[in-house]
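I have placed the structure first, in the form of C-alpha cells, so that the comments after it can refer back to it.
Atoms within each ligand, like the ligands themselves, are counted from 1 in listed order.
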Amino acid sequence: MQPPSASLLSPSHLTTLVFAGLLLAGLALRLWLATRQIRHVAQHRGAVPTAFAHRIPLAAHQKAADYTIAKARFGLLEMALATAVVLGWTLLGGLDALNQALLSWLGGGMLQQLALLGCFVLIGGAIDLPVALYQTFVIEQRFGFNQMTPRLWLADLLKSTLLGAVIGLPIAALILWLMGAAGPLWWLWAWGTWMGFNLLLMVVFPLFIAPLFNKFQPLEDESLKARVTALMRRCGFAAKGLFVMDGSRRSAHANAYFTGVGKAKRVVFYDTLLKQLSPGEVEAVLAHELGHFKHKHITRRLVGMFAISLAGFALLGWLSTRAWFYTGLGVQPNLMLPGLPGAAPNDALALLLFLLAAPVFTLFVTPVLAQLSRRHEFQADAYAAAQSSGGDLASALLKLYEDNASTLTPDPVFAKFYYSHPPATERLARLPVALQP
Ligand SMILES: [Zn+2]
C-alpha cells in the first residue's frame with residue numbers, strides 16, 4: 001500500500017492521469033480534425049476543382065461532398081461514444097464489475113477468463129450494433145451504396161459471431177494458458193503463437209472463410225483474362241487464379257485485391273469494379289497492386305506488424321506484473337497468492353486493459369503510418385504507369401473517385417493525418433499524363 005501522503009504521485013494515480021489526459025486529448029484532436037474536414041468539404045461543394053472540371057460533373061462532386069460530410073458528422077458522434085465506452089470499461093469500473101461478477105459466478109480459472117473475454121467482445125459488439133445499422137441502412141442507403149437486405153445483414157452478423165467464437169476462443173485459451181504456464185518469458189511464446197496464427201489465417205482466409213460470405217467465380221471474360229495474364233507475366237508474377245467476387249451483394253463500392261500468401265496467391269476483382277472500368281483500366285488497377293508487391297510493401301508491412309506486436313507483447317509482459325497498471329485503469333487486480341482462497345490469474349484482465357489503453361497512445365502515430373502508406377501508393381502508381389498505362393490508371397482513379405463518392409477536396413490537414421492514399425489531385429498530378437479534355 002502507498003502511504004497516503006504519496007498517493008497523489010503514486011504510479012497508479014499517474015497512470016490514471018496520463019491515460020485520461022491522452023484519451024481526452026485524442027478525442028479533442030479527432031473532433032477538431034473532423035470539424036475541419038466537414039468545413040473544408042462544405043466550402044468547396046459549390047464548384048468542381050479546375051483540374052477535374054472537364055471530367056467530373058457538378059452533381060457527382062456535390063454528391064461526394066454530401067456523402068463525405070454525412071459520414072464525418074456521424075463520425076463525431078461515434079468518436080464521442082467510443083471514448084465513453086473506453087472510459088466506461090476502465091476508469092468508471094465496467095471491466096472491474098464484470099470481472100467480479102464472473103469471479104463470484106465461475107470462480108477463478110480458465111473458464112472465468114474466457115468468459116471475461118467473451119462477455120467483453122459481446123457487450124462491445126452490442127454497443128456497436130446501432131452504429132453499424134445506421135451506417136449501412138441510413139447513410140450508405142441514402143447515397144445509393146447499400147445493397148444489403150436486413151436478412152443478409154443478420155445472416156452476416158450470426159455467421160461472423162459464430163466464426164469469431166470458433167476461431168477466437170481456442171487461440172485466446174492458448175494465449176491465456178501460455179501467460180499462466182510459460183514463465184516470465186511467456187510474452188515471447190505468446191507472440192510466436194499469435195504470429196503463427198496470423199500467417200495461418202492468411203492461408204486459410206481466402207480458401208475457407210471468404211467463401212462463407214461471398215461467391216468467387218473464375219474470371220470468364222477471355223480478352224480481359226488474356227490481358228491480365230500478359231500483364232502478370234510481364235511483371236514476373238504467377239497467380240493461382242483470377243476470380244470475380246459478388247461484391248454487389250452488399251455494396252456498390254468497387255475494389256480489387258490480392259489475397260493469400262506464396263503460391264496460394266489469388267487475384268480477386270469485385271464484380272462492381274469490372275462493371276465500372278474498361279479492360280485497360282482494370283489492367284492499370286491490377287498493375288498498381290502488383291507495384292505494391294514489386295516494391296515489397298506487403299512484406300515490409302508484415303515485418304513491421306511482427307516487430308510492433310513483439311514490442312506490444314513485451315510491454316504487456318512487463319505491465320501485467322505491475323499493480324498500478326490495473327488500479328490506474330480502474331480495475332482491482334485479482335489476488336495471486338497461491339493457496340489463498342479466491343486466488344485467480346489476471347491474464348485476461350491484463351489483455352483487455354492493454355487492448356483498451358493501447359489505441360490511446362497509438363493514435364499519435366497515425367500520421368507517421370499514413371505518410372509511409374501514401375509514399376507506397378505513389379510508388380505503386382509509378383510502377384503501374386510504367387508497366388501498364390498512366391492514362392488508364394488516371395481515368396480508372398477518376399471513375400473510382402466518382403463512383404465511390406470520394407471527395408476531391410479534402411481538408412489538407414485531415415488528409416495529412418489520416419489518408420492512407422494520397423488525395424486525388426496529388427495522385428493524378430504525379431502520373432505522366434495531363435488530364436486534358
Ligand atoms: Zn495501393
- Message: Which residue is it: R227, E281, E283? I am looking for the one with a side chain to side chain donor-acceptor pair (under 3.5 Å) to S388.
- Response: E283
- Query: Regarding H292 and E377, is there a side-chain donor-to-acceptor distance under 3.5 Å anywhere?
  - Reply: yes
- Query: Counting backbone and side-chain atoms alike, does H421 have an N/O/S atom under 2.8 Å from the Zn ion (ligand 1)?
  - Reply: no
- the Zn ion (ligand 1) reached by H376 (N, O or S, under 2.8 Å): no
- Query: What N/O/S atom of E377 gets nearest to the Zn ion (ligand 1)?
  - Reply: OE1
- Query: Do Y134 and Q141 get their side chains close enough for a donor-acceptor pair, meaning under 3.5 Å?
  - Reply: no
- Message: If the condition is side chain to side chain donor-acceptor pair (under 3.5 Å), which residues does N404 pass it with, not counting sequence neighbours?
- Response: H253
